Chemist: 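Below is the structure I would like to discuss, written out as structure tokens.
In what follows, residues are counted from 1 in the order of the sequence shown. Predicted model, so just to flag it, every value in this text is computed and none were measured.
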Amino acid sequence: MRKSPKWLDDTVFYEIYPQSFMDSNADGIGDFVGIISKLDYIKDLGCNAIWMNPCFCSPFGDAGYDVSDYYKAAPRYGTNEDLKLLFDEAHKRGIRVLLDLVPGHTSVEHKWFRESMKAEKNAYTDRYVWTDSVWNEPRGMGCIRGISDRDGCAVVNFFSNQPALNYGFYKSDYSWQQPVDAEGPKATKEELKNIMRFWLSLGCDGFRVDMAGSLVKNDPDSLGTIALWQDVRRFLDEEFPEAAMVSEWGEPDKSLLGGFHMDFLLHFGPSHYNDLFRCAEPFFSDRGKGDAHEFVLKYLESRKKAGSDGLICIPSGNHDMDRLSRSIHGDNLKIAFAFLLSMPGAPFIYYGDEIGLRYVENIKSVEGGFNRTGSRSPMQWDSTANSGFSSASPDMLYIPQDPSPDRPTAEKQMNDDSSLYSEVKRLIRVRREHPALLNRGEIEFVYAEKNAYPLSYIRSSGDEKILVIINPSAENAEFPYKHKPGAPVYLFGEKCSFKDGVITVPSRSAGFYLL
Ligand code: NOJ
């Protein structure tokens with residue numbers, strides 16, 4: 001059985017987009033020293049782990065997901081020593097740090113790719129996936145062609161400036177498609193382990209792995225990619241058993257089999273995650289026209305596949321999707337967090353979501369962000385210039401901030417017991433106080449009907465059982481339940497009432513009741 005690090009049992013993650021969190025040197029862009037200065041804020045909120053988006057050398061054609069040197073921190077954020085200091089300072093506060101590992105592709109500027117573009121055979125010739133002629137485009141895959149001395153097309157993994165690293169093909173249809181055990185793919189895998197070894201030895205606590213399911217090509221059931229990660233798992237079990245591995249894969253039956261501890265619910269694909277938050281009629285809305293039913297069905301299916309030890313995490317948002325507050329408003333943001341922070345798996349809070357940081361409309365794409373740019377604007381800390389993010393002139397900021405005069409700030413909300421921040425902090429505290437609500441507690445859905453409200457489930461662990469009842473709509477709702485629930489350990493809005501086997505749930509409320 002897979003050994004999950006114990007520390008994942010009560011972790012609440014905070015995702016930091018390093019460009020936009022805190023600028024310590026007035027250049028308009030966030031940095032490691034800035035993050036260090038805000039660790040106490042993260043701790044005070046109740047989070048005890050960080051996922052930091054890529055922070056390695058990069059031309060930033062995709063905000064750092066186009067790495068040009070895996071072994072060196074991007075100078076805009078600081079040095080490797082600064083990053084080590086960030087690990088140390090986080091650890092002093094009981095906070096773990098996951099780095100973002102991008103194993104599927106590099107930047108075209110990576111020296112490996114430059115070498116692999118050469119006509120002469122060298123150590124990097126097979127580091128990337130190349131066809132055998134510039135006229136021979138890979139079917140069904142994007143490619144880079146006509147810019148190298150080498151005769152061939154380089155397969156891309158995402159944007160056209162992100163050539164795919166070569167981990168081989170599960171099924172080879174052409175001679176240029178190397179098998180997974182060829183020398184080139186084997187060397188790429190060993191280098192991946194070296195990169196992980198390097199950062200884990202320096203003090204990081206694990207990785208969020210970008211596009212983890214994309215590595216082996218022509219691998220319809222992912223058997224080749226699963227085997228690759230199982231090999232990485234053996235290495236981690238031997239050398240770094242405490243390192244946590246979280247995959248951006250969205251198929252827990254595959255990722256967890258590959259040895260990951262947690263998989264994300266994704267905002268694309270079949271998860272129905274965004275039925276709840278980001279669609280024309282989200283479940284978390286006053287209008288009460290949303291539907292949590294499909295989400296629940298898919299969630300239960302994924303949990304079954306994940307097995308007893310595997311975790312599935314539901315993020316509040318991330319750097320790729322619209323801010324939660326773009327489609328969810330007012331009390332419903334609090335109710336959405338009551339859901340997020342009462343579900344199994346380690347919750348992930350995207351920086352700023354705890355204060356309802358807004359999606360910034362109508363701004364120019366920055367560093368390959370496109371429509372994602374509006375969700376990546378600098379954090380708003382206080383009432384000083386640039387909301388305390390940076391002392392640079394506003395036109396130098398990496399991404400413009402929300403221009404509204406009433407933009408939320410952490411400072412204002414920390415001083416207001418009725419703010420979103422205070423509610424999120426309360427919810428994290430309640431979660432920690434109750435093992436049933438924690439990452440590994442069980443879940444059983446009690447009421448999750450099609451196009452109906454409320455949503456209700458029981459979380460349990462050992463002797464503790466908690467009935468969660470969530471009603472975001474502006475109307476009261478009711479559902480059948482056999483027993484009168486006990487005292488609430490958490491309540492937002494009015495308390496539910498019980499009569500003759502029916503629970504009546506007040507509008508815009510969330511409650512966690514002891515059973
Ligand atoms: C997923 C990342 O979250 C996204 O930001 C990035 O653009 C792609 N993977 C490519 O690495």
Side-chain angles (χ1 to χ4, degrees), residues 6-16 21 35 38-52 90-91 93-98 205 244 246 262 264-265 276-277 284 311-318 324-325 328 331-357 379 381 408 410-441 443 457 459-461 464 466 468-470 488-493 509-514:
K6 191 89 188 94
W7 62 268
L8 278 180
D9 291 0
D10 73 346
T11 312
V12 178
F13 281 89
Y14 192 83
E15 178 190 346
I16 293 182
F21 197 56
I35 295 173
K38 295 295 182 187
L39 288 172
D40 287 334
Y41 169 85
I42 295 169
K43 181 174 174 162
D44 196 46
L45 178 63
C47 294
N48 53 358
I50 290 168
W51 154 30
M52 184 162 64
H91 293 161
R93 294 164 175 82
I95 297 174
R96 316 265 179 166
V97 184
L98 299 192
D205 299 287
V246 186
M262 283 197 285
F264 279 107
L265 275 193
L276 306 181
F277 309 111
F284 289 99
L311 295 170
I312 299 174
C313 28
I314 312 182
S316 70
N318 72 24
L324 201 58
S325 61
I328 298 183
D331 284 353
N332 260 313
L333 277 170
K334 297 176 182 168
I335 298 170
F337 269 103
F339 163 77
L340 288 163
L341 290 164
S342 62
M343 287 292 283
F348 275 68
I349 299 175
Y350 183 46
Y351 82 95
D353 277 355
E354 74 280 15
I355 59 166
L357 205 74
M379 179 65 176
W381 293 106
E411 182 186 58
K412 229 185 288 167
Q413 295 206 10
M414 288 166 82
N415 291 323
D416 173 2
D417 194 51
S418 67
S419 68
L420 178 60
Y421 169 93
S422 298
E423 207 61 49
V424 171
K425 184 170 168 171
R426 226 174 343 262
L427 279 159
I428 298 177
R429 201 194 60 229
V430 172
R431 182 180 176 93
R432 285 257 160 66
E433 285 166 0
H434 296 278
L437 295 172
L438 276 174
N439 308 2
R440 293 199 178 279
I443 184 165
Y457 41 92
R459 298 291 321 276
S460 59
S461 170
E464 190 180 47
I466 293 179
V468 176
I469 308 176
I470 307 259
V489 294
Y490 169 80
L491 191 59
F492 176 77
S509 69
F512 307 167
Y513 301 85
L514 287 172

Chemist: What closest approach, in Å, do Tyr457 and Ala338 show between heavy atoms, and which atom pair accounts for it?
Modeler: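 In this case the closest contact between Tyr457 and Ala338 is OH-O, 4.5 Å.
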Chemist: Quick check: do Met379 and Ile355 have side-chain heavy atoms less than 4.5 Å from each other?
Modeler: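 Yes. Closest side-chain heavy atoms under 4.5 Å.
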Chemist: May I have the step-by-step check of side-chain contact (heavy atoms from CB on, under 4.5 Å) for Arg431 and Leu438, ending in yes or no?
Modeler: CA-CA 6 Å; Arg431 182 180 176 93; Leu438 276 174; 4.1 Å; yes
Chemist: To the nearest 0.5 Å, how far apart are CG in Asn332 and CD1 in Ile470?
Modeler: 10.0 Å
Chemist: Aromatic ring centroids of Trp51 and Tyr351 under 6.0 Å?
Modeler: no
Chemist: Which heavy-atom pair separates Ser325 from Gly356 by the least distance, and what is that distance?
Modeler: OG-O, 3.5 Å
Chemist: For residues Gln413 and Pro408, report the shortest heavy-atom separation together with the two atoms involved.
Modeler: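 Heavy-atom minimum between the residues: NE2-CB, 3.6 Å.
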Chemist: For Asn48 and Arg432: C-alpha separation, side-chain torsions, deciding distance, then whether side-chain contact (heavy atoms from CB on, under 4.5 Å) applies.
Modeler: CA-CA 11 Å; Asn48 53 358; Arg432 285 257 160 66; 3.1 Å; yes
Chemist: Quick check: do Leu98 and Ile50 have side-chain heavy atoms less than 4.5 Å from each other?
Modeler: no
Chemist: Please identify which of these residues, Arg426, Arg429, Glu423, His434, meets the side chain to side chain donor-acceptor pair (under 3.5 Å) condition with Tyr490.
Modeler: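 It is Glu423, the one option of Arg426, Arg429, Glu423, His434 that forms the side chain to side chain donor-acceptor pair (under 3.5 Å) with Tyr490.
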Chemist: Are Cys47 and Ile349 close enough, and set up right, to give a side-chain contact (heavy atoms from CB on, under 4.5 Å), and what steps lead you there?
Modeler: CA-CA 9 Å; Cys47 294; Ile349 299 175; 4.2 Å; yes
Chemist: Give the minimum heavy-atom separation between Ser316 and Leu324, together with the two atoms involved.
Modeler: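 In terms of heavy atoms, the two residues are closest at O-CD1, 3.5 Å.
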Chemist: Given side-chain contact (heavy atoms from CB on, under 4.5 Å), test Phe492 with Leu427 step by step and report yes or no.
Modeler: CA-CA 10 Å; Phe492 176 77; Leu427 279 159; over 6 Å; no
Chemist: So do the side chains of Leu340 and Phe348 get within less than 4.5 Å of each other, counting heavy atoms only?
Modeler: no
Chemist: Could you tell me the separation between the OH atom of Tyr350 and the OH atom of Tyr14, rounded to the nearest 0.5 Å?
Modeler: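 Spacing of OH (Tyr350) from OH (Tyr14) equals 10.0 Å.
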Chemist: Kindly indicate whether the side chain of Pro347, heavy atoms from C-beta on, has any atom under 4.5 Å from the side chain of Leu341.
Modeler: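 Pro347 reaches Leu341 side chain to side chain.
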Chemist: Do the ring planes of Phe339 and Phe284 sit parallel (below 30°), tilted (30 to 60°) or perpendicular (above 60°)?
Modeler: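 Correct class here is tilted.
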Chemist: For the atom pair CD1 (Ile95) and CD1 (Ile42), what is the distance rounded to the nearest 0.5 Å?
Modeler: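 Output value for this atom pair is 5.5 Å.
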Chemist: Any Lys/Arg nitrogen of Lys6 or Asp9 sitting under 4.0 Å from an Asp/Glu carboxylate oxygen of the other?
Modeler: yes
Chemist: Verify, without hydrogens or angle tests, whether Ser419 (side chain) and Asn415 (backbone) share a donor-acceptor contact under 3.5 angstrom.
Modeler: no
Chemist: If you measure from CG on Leu8 to CZ on Phe13, what distance do you get to the nearest 0.5 Å?
Modeler: 5.5 Å
Chemist: With a 3.5 Å distance limit and no angle check, can you tell me whether Lys334 reaches the backbone of Ser418 through a side-chain donor-acceptor pair?
Modeler: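 Checked: pair present.
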Chemist: Any side-chain heavy atom of Pro344 sitting closer than 4.5 Å to one from Ile314?
Modeler: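 When only atoms from C-beta onward are counted, Ile314 and Pro344 do not touch, as no gap falls below 4.5 Å.
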Chemist: Taking atom NE2 of His91 and atom CZ of Arg96, what is their separation to the nearest 0.5 Å?
Modeler: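 Spacing of NE2 (His91) from CZ (Arg96) equals 6.5 Å.
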Chemist: So which atom in Ala346 and which in Met262 form the shortest heavy-atom distance, rounded to 0.1 Å?
Modeler: CB-SD, 3.6 Å
Chemist: Identify whether the distance between the nearest side-chain nitrogen and carboxylate oxygen of Asp44 and Lys425 falls below 4.0 Å.
Modeler: yes
Chemist: With rounding to the nearest 0.5 angstrom, report the CG to CD1 distance, Leu437 to Ile443.
Modeler: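 Nearest 0.5 Å value for the CG-CD1 distance: 10.0 Å.
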Chemist: So do Arg459 and Phe512 actually touch side chain to side chain, heavy atoms under 4.5 Å?
Modeler: no
Chemist: Please report the closest heavy-atom contact between Leu276 and Ile328, naming both atoms and the distance.
Modeler: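 Looking at all heavy atoms of both residues, the shortest contact is O-CD1, 4.2 Å.
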